[in-house]
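Note sheet for the following structure.
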Amino acid sequence: MFMNKSLFVAAVVIFTAFLGVSAANAQTPNPQAPRCYTVASLQGSYAIVGTYGSNVAVALATRSYDGNGNLAGASIINEPTAGSATGARTLTTATQAGTYTVNCNGTGQFNRVLTSNGVQTNQVDDFVITAAAVMGGQLVATTIVDAQQTPSAIVAAASF
């Protein structure tokens, strides 16, 4: 009797476990959906929050892309005041203009000229599109993550 009840309980547990398993089905590809990112995938204005070091400084910026490979932007950087023993902060403004390329897989590069306090520097960033929507038959980026290749031209290296 105990053996029959044990087998019955085991069978119920196994059966219940199979009911709780979810199946993953591949989505059928939409033949109308675009398959490749292009420079047109970056169009419009985007907000940017950039951090320097371990949040030593922060940049709050906007950048606009024209969908043809050109970019422009403006930012304000909150950084430590050079030489301050009291933790004073300095706000610095900057503008940028340049070009961008986009690979089919959503990676790309920004090549931009950054201007701050009358000084211009060339900056290169690598990026990846991490989210997009289809608009007008085109994949358009809704989220981008980028990393600057060169040291900061604005925040002093001594701040790090």
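Start at 1 with the first residue, then count along the sequence.
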Any V113 side-chain heavy atom under 4.5 Å of N122 side chain = yes
Rounded to the nearest 0.5 Å, the CG atom of N68 sits from the OG1 atom of T38 at a distance of 9.5 Å
Side-chain contact test, heavy atoms from C-beta onward, threshold under 4.5 Å: evaluate it for V58 versus V49 and give yes or no. yes
Task: R63 vs S45 side-chain heavy atoms within contact, under 4.5 Å - done: no
So CD1 of I76 and OG1 of T62: to nearest 0.5 Å the spacing works out to 11.5 Å
Applying side chain to side chain contact (heavy atoms under 4.5 Å, CB included) to Y65 and I144, what does each step give before you reach the verdict? CA-CA 12 Å; Y65 306 97; I144 308 163; 4.3 Å; yes
When every non-hydrogen atom of A94 is compared with those of L114, the smallest separation belongs to CB-CD1, 3.7 Å
Exercise. So, do V134 and L139 sit near enough that their side-chain heavy atoms are less than 4.5 Å apart?
Worked result: yes
Task: No-hydrogen, no-angle side-chain donor-acceptor test under 3.5 Å, T81 and T90 - done: yes
Output for pair (Q96 CD, N111 CG), nearest 0.5 Å, gives 12.0 Å
Separation between OG1 (T99) and CZ (R112), nearest 0.5 Å, reads 11.5 Å
One should read off an interatomic distance between N70 CG and L42 CG, to the nearest 0.5 angstrom, of 11.5 Å
Check your understanding: For A141, does its backbone N or O pair with a side-chain atom of Y46 as donor and acceptor, under 3.5 Å?
Key -> yes
* To do: Anything under 30° is parallel, anything over 60° is perpendicular, the rest tilted; go ahead and classify F110 against F127.
  => parallel
Nearest heavy-atom contact between C36 and Q138 is O-NE2, 4.3 Å
Just so I know, are the side chains of Y100 and D66 near enough to count as touching, which here means a heavy-atom distance under 4.5 Å? yes
Closest heavy-atom pair, V140 versus A40, reported as atoms and distance to 0.1 Å, is CG2-O, 4.4 Å
- Query: How about I48 and S75: do any of their side-chain heavy atoms sit closer than 4.5 Å?
  - Reply: no
Interatomic distance, CD1@I129 vs OG1@T107, rounded to 0.5 Å, equals 8.5 Å
